[in-house]
Amino acid sequence: MTPCVTALVCPHCQSHLHGLRYDVAFTCRTCNVAVLFEQGKAEVQRLHWAAAKIAEAAELYLPVWRVRGQLDLAQGTPQQQRCAMRLLGEPTIYVTGFQASRSGTFGDLGTSLTRQADKLSASSPPPLTSPFGGIVRRMDETIRLAELVALQLVDQRCDVTGMTLRLREPTLEIWAVPFKQEGAALKDLVLGTLVPTLAVDDLEELLSLQLLERGAQKKGNP
Ligand SMILES: [Zn+2]
């Protein structure tokens with residue numbers, strides 16, 4: 001098999017794209033987009049920057065996927081299906097896009113955001129030059145996880161035994177969520193949940209990117 005080599009340039013403006021070692025999507029800050037490469041084809045997603053709800057300075061932004069779709073239920077009883085439709089209807093589900101290990105211990109930010117979706121709003125103006133990266137989760141994997149989260153949410157209110165749940169015509173958005181370091185953890189500035197810094201593989205690199213960008217800004221504006 002011939003290896004596929006993709007040039008990491010923005011399909012819109014031809015600028016170099018930014019990303020970390022394990023990332024599956026790379027960003028162009030000029031166009032404010034993330035570009036995912038699937039089998040050599042570029043899928044371009046606009047970046048949505050979340051506003052901090054906790055009044056502290058964001059040090060970096062990490063990715064969260066927003067998944068919307070229609071519930072497609074099968075194999076359940078009419079009662080189960082009615083319960084699921086009443087609870088979720090047309091669900092909006094959040095799935096962390098960065099590496100988040102040990103979410104069993106620390107809680108899962110995606111699930112927390114799904115429960116408190118009203119807390120997430122767009123930042124105005126968007127902090128376009130802030131450090132952002134670490135998108136390790138592909139779209140198909142994200143949709144599967146969103147379906148799992150939706151099923152878990154229904155399961156808390158009605159028995160889902162035997163029922164299958166799919167999201168029909170899912171649409172995805174990438175949200176950049178503000179974080180700051182707090183001891184050995186990263187605190188998200190929307191809900192205030194903690195993620196162990198260990199969970200973010202390339203944190204050092206991400207923060208050094210930040211320093212480089214700040215340095216570059218200083219050079220540009222002496
Ligand atoms: Zn561009």
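Counting starts at 1 for both ligands and their atoms, following the listed order. Only this structure's heavy atoms are used, side chains among them; waters, hydrogens and symmetry mates stay out.
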Under 2.8 Å from the Zn ion (ligand 1), which protein N/O/S atoms are there? C10 SG, C13 SG, C28 SG, C31 SG
How about C83 and C158 - are their SG atoms less than 2.5 Å from one another? yes
Aromatic plane relationship, F37 with F26 - under 30° parallel, 30 to 60° tilted, over 60° perpendicular: tilted
Main-chain N/O of V9 paired to Q14 side chain as donor or acceptor, under 3.5 Å: no
For Q79, is the CD atom crowded, meaning more than 12 foreign heavy atoms sit under 6.0 Å from it? no
Checking side-chain contact (heavy atoms from CB on, under 4.5 Å) against V64, which of T142, I174, L113 comes through? L113
Can the ring centres of F132 and W49 be said to be less than 6.0 Å apart? yes
